[in-house]
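Order of listing sets the numbers, starting from 1, for every ligand and every atom in it.
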Amino acid sequence: MFCPNCKAEFREGITRCTEYNVDLVNELPPVPKPIFVYLEEVIINSDAAQIGFIKSILEGEKIPYYAQGDHSYTHLALIPVRFLVPKNKYKKAKELLKDL
Ligand SMILES: [Zn+2]
């Protein structure tokens, strides 16, 4: 039996996951296959306000992005964040961010 939330496997006789308080299931649904996406760098920025602005623009247009280096930002303010977007969204993202 498996917990649909934490994916943990439980021994026979147990029917609920105590951590998530949900009923166990016999089988977990198959994990979707990851899709490989080519990413292209659309902009590099080290300004906190602009980084927030870039995210809101991309999210507003539903353009998925990967902000490389974003987590180190608060500690190392001079390390710029690289914004990467899927290749098929590159032109649109570039156009949206052209004034930054
Ligand atoms: Zn669980």
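- Annotation: side chain of V81 is not in contact with side chain of I54 (no heavy-atom distance under 4.5 Å).
- Partners of K98 according to the salt bridge (charged side-chain N to carboxylate O under 4.0 Å, His left out) rule, which considers only residues two or more places apart in sequence or in another chain, are E95.
- Taking 4.5 Å as the limit, every side-chain heavy atom of N5 sits out of range of all side-chain heavy atoms of C17.
- Heavy-atom contacts from other residues, nucleotides or ligands closer than 6.0 Å to NZ of K7 number more than 12.
- With sequence neighbours excluded, the residues satisfying ring pair (Phe, Tyr, Trp, His ring centres under 6.0 Å) with Y65 are F83.
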Table please: side-chain donor-acceptor pairs of residues 36-43 below 3.5 Å, with sequence neighbours left out.
| unit_1 | atom_1 | unit_2 | atom_2 | d |
| --- | --- | --- | --- | --- |
| E41 | OE1 | R82 | NE | 2.6 |
| E41 | OE1 | R82 | NH2 | 2.8 |

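- Among protein atoms, those of element N, O or S found less than 2.8 Å away from the Zn ion (ligand 1) are C3 SG, C6 SG, C17 SG.
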